[in-house]
Amino acid sequence: MPELPEVQTVVNGLTKKISGKVFSDAKISVKKMVSTNLKKDIKNKKVKRVIRRAKMIVIELTQDKYLVVHLKMTGQLIFVDIKGKAFGGGHPIESKEIEFTKPNKYTHVILNFKDGSRLLYNDVRKFGWLKLMSKEEYNILSNRHGIEPLAKEFTLSRFKEILKKRPNSKIKQFLLNQELIVGLGNIYVDESLFKAKIKPFRRVYTLKGNETDRLYKAIKLKLFTAIKFGGTSVNTFVSISGERGKFVNKLKVYGRGGMKCLRCKNELTKIKMGGRGTVYCTKCQK
DNA sequence: GTACTTGTTGAACG
DNA sequence: TCGTTCAACAAGTA
């Protein structure tokens with residue numbers, strides 16, 4: 001369930017590892033997860049840099065090509081160096097998980113570099129994808145997505161403008177809509193709304209100025225802090241208790257339905273909103 | 001067998 | 001046509 005901070009963590013790790021490397025070939029065992037041109041076109045392309053756009057990993061290649069990877073719920077992109085040491089999600093994988101330096105039953109794509117190192121794409125549920133696209137295709141994809149909440153253009157007044165576009169939306173669904181603001185998923189929406197003391201089903205137009213202000217600050221704070229802690233790896237990667245992103249210890253409401261509110265001791269309520277599990281405090285979120 | 005998990009998309013509605 | 005909600009889908013776990 002990688003959201004913005006998790007994807008950023010992967011990107012931060014990857015960029016150090018693979019910038020300047022040249023792809024040699026690709027081994028694809030699950031064809032539907034990759035674009036048909038990938039196997040042929042990845043050869044001899046060099047990695048210029050790795051960036052994040054929304055929840056996608058974007059590997060910029062020479063000749064104006066873009067390798068775009070979406071991890072969806074359970075995808076992992078693991079870099080394995082020439083010595084066989086693996087790095088995933090920005091965290092070195094400890095020796096007890098040495099088997100993940102080798103392809104396993106969840107490894108569906110292997111991208112080899114000319115120097116013998118490689119990238120493994122693992123995905124338990126096969127929801128993710130890897131697409132090799134042109135600059136035009138990438139721009140179209142990027143333009144379908146909204147503003148980056150950590151970019152300096154995302155100011156409070158900009159946030160208010162975007163809120164005005166969907167006055168009747170429930171605030172949770174507004175925040176999950178990637179066409180408006182990108183990167184927030186179920187975890188960080190629930191956490192931000194708790195921090196801002198706003199109930200998830202409040203309509204956007206009912207938010208007071210000070211609430212909007214609190215929410216704006218909460219979103220930025222939660223995302224920044226989560227990146228600092230290496231994301232929230234609720235590690236669904238088989239049953240191995242891997243290197244968990246340390247933000248998991250900072251969660252205030254996500255996954256805590258029925259437990260006590262850490263702010264007011266009230267029992268946290270869990271409901272469904274738009275098919276998503278949603279946890280909030282009926283007492284201190286207004 | 002069934003409920004549950006999330007990001008995304010497309011259908012259906014008013 | 002638009003905003004909004006809902007269902008479906010991917011595939012596996014508990």
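Throughout, a chain's letter reflects where its sequence line sits, starting with A, and its residues are numbered from 1. These numbers were taken from a predicted model, which means no experiment stands behind them.
One finds no side-chain N or O of A:K272 lying less than 4.0 angstrom from the OP1 or OP2 phosphate oxygen of C:dT5. Regarding contacts with the backbone of C:dG3, every side-chain N or O of A:K165 stays at 4.0 angstrom or more from both OP1 and OP2. For the pair A:Y205 and C:dT4, the criterion of a side-chain N or O lying under 4.0 Å from OP1 or OP2 is not met. Listed pair A:R166 / C:dT4 meets the phosphate criterion, a side-chain N or O lying under 4.0 Å from OP1 or OP2. Contact annotation: A:H70 reaches the phosphate of B:dT8 (side-chain N/O to OP1 or OP2, under 4.0 Å). The side chain of A:N168 places an N or O atom within less than 4.0 Å of a non-bridging phosphate oxygen (OP1 or OP2) of C:dT4. At least one side-chain nitrogen or oxygen of A:Q173 sits closer than 4.0 Å to the OP1 or OP2 atom of C:dT5.
Of the listed nucleotides (C:dT4, B:dT5, B:dT8), C:dT4 has the atom at the smallest distance from the side chain of A:P167. Looking at the side chain of A:Y106, the nearest of the listed nucleotides C:dT13, C:dA11, B:dG7 is C:dT13. The A:K270 side chain lies nearest to B:dT5 when the options are B:dT8, C:dT4, B:dT5. The side chain of A:F127 lies closest to C:dA10, out of B:dG7, C:dA10, B:dT5.
With rounding to whole Å, A:I271 atom CD1 is found 15 Å from B:dC4 atom P. B:dT6 atom P lies 5 Å from atom CG of A:N186, rounded to whole Å. A:R125 places its CZ atom 8 Å from the P atom of C:dT13, with the value rounded to the nearest Å. As rounded to whole Å, 8 Å separates atom P of B:dT6 from atom CD1 of A:I187. With rounding to whole Å, A:E179 atom CD is found 8 Å from B:dT9 atom P. Note: CG (A:N177) to P (B:dT6) measures 18 Å, nearest angstrom. The NZ-P distance, from A:K32 to C:dA11, rounds to 3 Å in whole Å. Whole-Å rounding puts the A:R144 CZ to B:dG7 P distance at 17 Å.
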Walk me through whether A:D213 and A:K217 qualify under salt bridge (Lys or Arg N to Asp or Glu O under 4.0 Å). CA-CA 6 Å; A:D213 195 26; A:K217 286 179 180 147; 3.4 Å; yes

Begin with the C-alpha distance, continue with both residues' side-chain angles, and end with the deciding distance and a verdict on side chain to side chain donor-acceptor pair (under 3.5 Å) for A:S117 and A:D81. CA-CA 5 Å; A:S117 59; A:D81 70 13; over 6 Å; no

Going through the distances and angles, do A:F154 and A:F159 end up as a ring pair (Phe, Tyr, Trp, His ring centres under 6.0 Å)? CA-CA 7 Å; A:F154 186 65; A:F159 181 48; 5.6 Å; yes

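Applying the ring pair (Phe, Tyr, Trp, His ring centres under 6.0 Å) criterion to A:F113, with sequence neighbours excluded, gives A:F23.
Within the 3.5 Å criterion, the main-chain N or O of A:A196 finds a donor-acceptor partner in the side chain of A:R214.
The base of B:dT5 does not come close enough to the side chain of A:R276 for any donor and acceptor atom to sit less than 3.5 Å apart.
Annotation: the terminal axes of the helix from B:dT2-C:dA14 to B:dG14-C:dC2 meet at 60°, where each axis is the rotation carrying the C1' atoms of four end pairs onto the next four (5 pairs per end, rounded to 10°).
Comparing A:K126 and A:K170 along DNA chain C, the residue whose closest nucleotide (by nearest heavy atom) sits nearer the 5' end is A:K170.
Between the side chains of A:Y188 and A:E6, at least one donor-acceptor pair of N or O atoms lies under 3.5 Å.
Heavy atoms from other residues, nucleotides or ligands lying under 6.0 Å from NZ of A:K195 number 12 at most.
Partner of A:E191 under the side-chain contact (heavy atoms from CB on, under 4.5 Å) criterion, out of A:L221, A:L251, A:L223, A:N186: A:L251 alone.
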